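Okay, so here's the structure we're looking at.
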Amino acid sequence: MTKPFADPVASTLPALIGCDEVGRGALCGPVVVAAVWFNPAVFPASVLACLDDSKKLDRATRERLTPLIREHAEVAVAAGSRQLVDRINVRAATLDAMRRAVEKLGLEAPVAVDGRDAIPGLSLPCRAVIGGDRLVPQIAAASIVAKTLRDDLMRVLAGRHPAYAWDRNVGYGTAAHLAGLASLGRSAHHRVSFTKRFASSPSVVTTGAAVPWTPL
């Protein structure tokens, strides 16, 4: 499939802040958000042409692009913790992390966010773009940065909790992950609100202390 920003016309798209999340549907860990600003007219064309929805790129490509995006764009990241997801729900936690990531940039620029929800509480103009990671290059860049960071975190946690196979599923509900939940119950990183029907008992079975997530 042709990359959405490979055409030279992509360099004429507007400079703005793109925002996207990774991990909203996972059973454990934080929702990680990136906000990215760049001007496509001066962003390297070779990098622009490679941008796409992070789920459509393999791990090696995402890991190659992430430092290039950081080098040539303004980038900020934030996260909605597992505890916050359980307390206020995943949609609210995601939007809160998006607001914090955008504000961390400290830029006066319009914002485009992937999905159906504009970010509440911003002083900047903000629009939601369905399928934005294939329409707005800054959103695609944000999705790549966020996924690289979150996947790295989940692989670290997988070393401490191997039974859930997070090194392969990065916290999503695969058969191996559900089998671990059925046999061990929830770890301290699992979202209680997401795993009530999968854990082996109604009570939380902790298999390790929660580790605070720090943006890299």
Side-chain angles (χ1 to χ4, degrees), residues 19-35 53-55 59 62 76-104 113-122 128 130 132-133 142-216:
C19 193
D20 202 2
E21 59 77 24
V22 173
R24 182 165 173 164
L27 302 182
C28 59
V31 177
V32 175
V33 167
D53 174 359
S54 62
K55 297 185 293 296
R59 175 182 173 183
R62 292 192 300 267
V77 296
S81 68
R82 185 277 298 168
Q83 294 88 340
L84 186 65
V85 168
D86 279 338
R87 190 169 79 245
I88 66 174
N89 76 56
V90 70
R91 176 177 175 271
T94 299
L95 292 172
D96 176 73
M98 286 180 165
R99 176 188 55 76
R100 288 185 281 114
V102 170
E103 290 178 347
K104 194 182 295 185
V113 58
D114 186 52
R116 298 180 178 274
D117 294 318
I119 304 169
L122 283 181
I130 296 173
D133 39 19
S143 76
I144 292 166
V145 171
K147 183 162 177 58
T148 300
L149 286 175
R150 189 180 186 281
D151 286 4
D152 284 349
L153 171 67
M154 295 309 300
R155 279 189 283 270
V156 169
L157 294 179
R160 304 174 189 178
H161 306 276
Y164 302 108
W166 292 339
D167 56 319
R168 301 192 301 277
N169 60 52
V170 293
Y172 288 86
T174 64
H177 190 174
L178 297 184
L181 272 169
S183 62
L184 293 180
R186 290 185 288 270
S187 73
H189 304 288
H190 280 99
R191 303 170 187 174
V192 177
S193 55
F194 277 52
T195 56
K196 289 179 180 178
R197 64 193 178 99
F198 299 122
S200 57
S201 73
S203 60
V204 177
V205 180
T206 59
T207 57
V211 176
W213 183 85
T214 303
L216 302 180

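What you see below is based on every heavy atom in this structure, not just the backbone, and it leaves out hydrogens, waters and symmetry mates. Small disclaimer: the values here were computed from a predicted structure and weren't measured. Residue indices begin at 1 and follow the sequence shown.
Distance alone, capped at 3.5 Å, is enough to place a donor-acceptor pair between the D86 side chain and the S193 backbone. Using a distance-only test at 3.5 Å, with no hydrogens or angles considered, no donor-acceptor pair links the side chain of T195 to the main chain of F198. With hydrogens and angles disregarded, no donor-acceptor distance shorter than 3.5 Å links the side chain of D20 to the backbone of D114. Counting only distance, with no hydrogens or angles, the side chain of Y172 and the backbone of G23 share a donor-acceptor pair below 3.5 Å. Side-chain atoms of R116 never come within 3.5 Å of backbone atoms of A128 as a donor-acceptor pair (strictly under, hydrogens ignored). In terms of modelled atom types and a separation under 3.5 Å, the side chain of R150 and the main chain of P30 share a donor-acceptor contact.
Nearest heavy-atom pair, C19 versus M98, reported as atom, atom and distance to 0.1 Å: SG-CG, 3.5 Å. Scanning all heavy atoms of the two residues, the minimum distance from A118 to L95 falls at O-CD2, 3.9 Å. The two residues G159 and P162 have their closest heavy-atom pair at O-CD, 4.1 Å. In terms of heavy-atom proximity, D96 sits nearest to R99 at OD1-NH2, 2.8 Å. For the residue pair D167 and A158, the shortest heavy atom distance occurs at N-CB, 3.3 Å. Between A76 and A101, the shortest heavy-atom distance links the atoms CB-O, 3.3 Å.
Residues R168 and T174 fail the side-chain proximity criterion, which asks for heavy atoms closer than 4.5 Å. Side-chain contact between L184 and Y164 is present, with at least one heavy-atom pair separated by less than 4.5 Å. Residues V113 and V102 fail the side-chain proximity criterion, which asks for heavy atoms closer than 4.5 Å. Contact of the E103 side chain with the L122 side chain is registered, since non-hydrogen atoms from C-beta on lie closer than 4.5 Å. Under the 4.5 Å side-chain criterion, counting only non-hydrogen atoms from C-beta, F194 is in contact with V90.
For A179, the side-chain contact (heavy atoms from CB on, under 4.5 Å) criterion is met by no residue, not counting sequence neighbours. A search for salt bridge (Lys or Arg N to Asp or Glu O under 4.0 Å) contacts involving R62 returns D151, not counting sequence neighbours. Scanning for side-chain contact (heavy atoms from CB on, under 4.5 Å) contacts around A34 gives V77, A142, V145, A146, with sequence neighbours left out.
Screening H161, H177, R82 against H190 for a side-chain hydrogen bond (donor to acceptor under 3.5 Å, both in side chains) leaves a single residue, H177.
Annotation for R100: atom CZ counts as buried by contact number, over 12 foreign heavy atoms lying within 6.0 Å.
Atom OG1 of T94 sits about 5.0 Å away from atom CZ of R24, to the nearest 0.5 Å. Taken from CD in Q83 to CD1 in I88, the straight-line distance is 12.0 Å, to the nearest 0.5 Å. Going from atom CG of L178 over to atom CZ of R197 covers 8.5 Å, rounded to the nearest 0.5 Å. Interatomic distance, CG of L84 versus CZ of R191, reported as 10.5 Å (0.5 Å rounding). Here the NZ atom belonging to K147 is positioned 10.5 Å from the CE atom belonging to M154, to the nearest 0.5 angstrom. One finds the CH2 atom of W166 at 4.5 Å from the SG atom of C28 (value rounded to the nearest 0.5 Å).
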Side chain to side chain contact (heavy atoms under 4.5 Å, CB included) between L27 and L181, intermediate numbers included: CA-CA 10 Å; L27 302 182; L181 272 169; 4.0 Å; yes
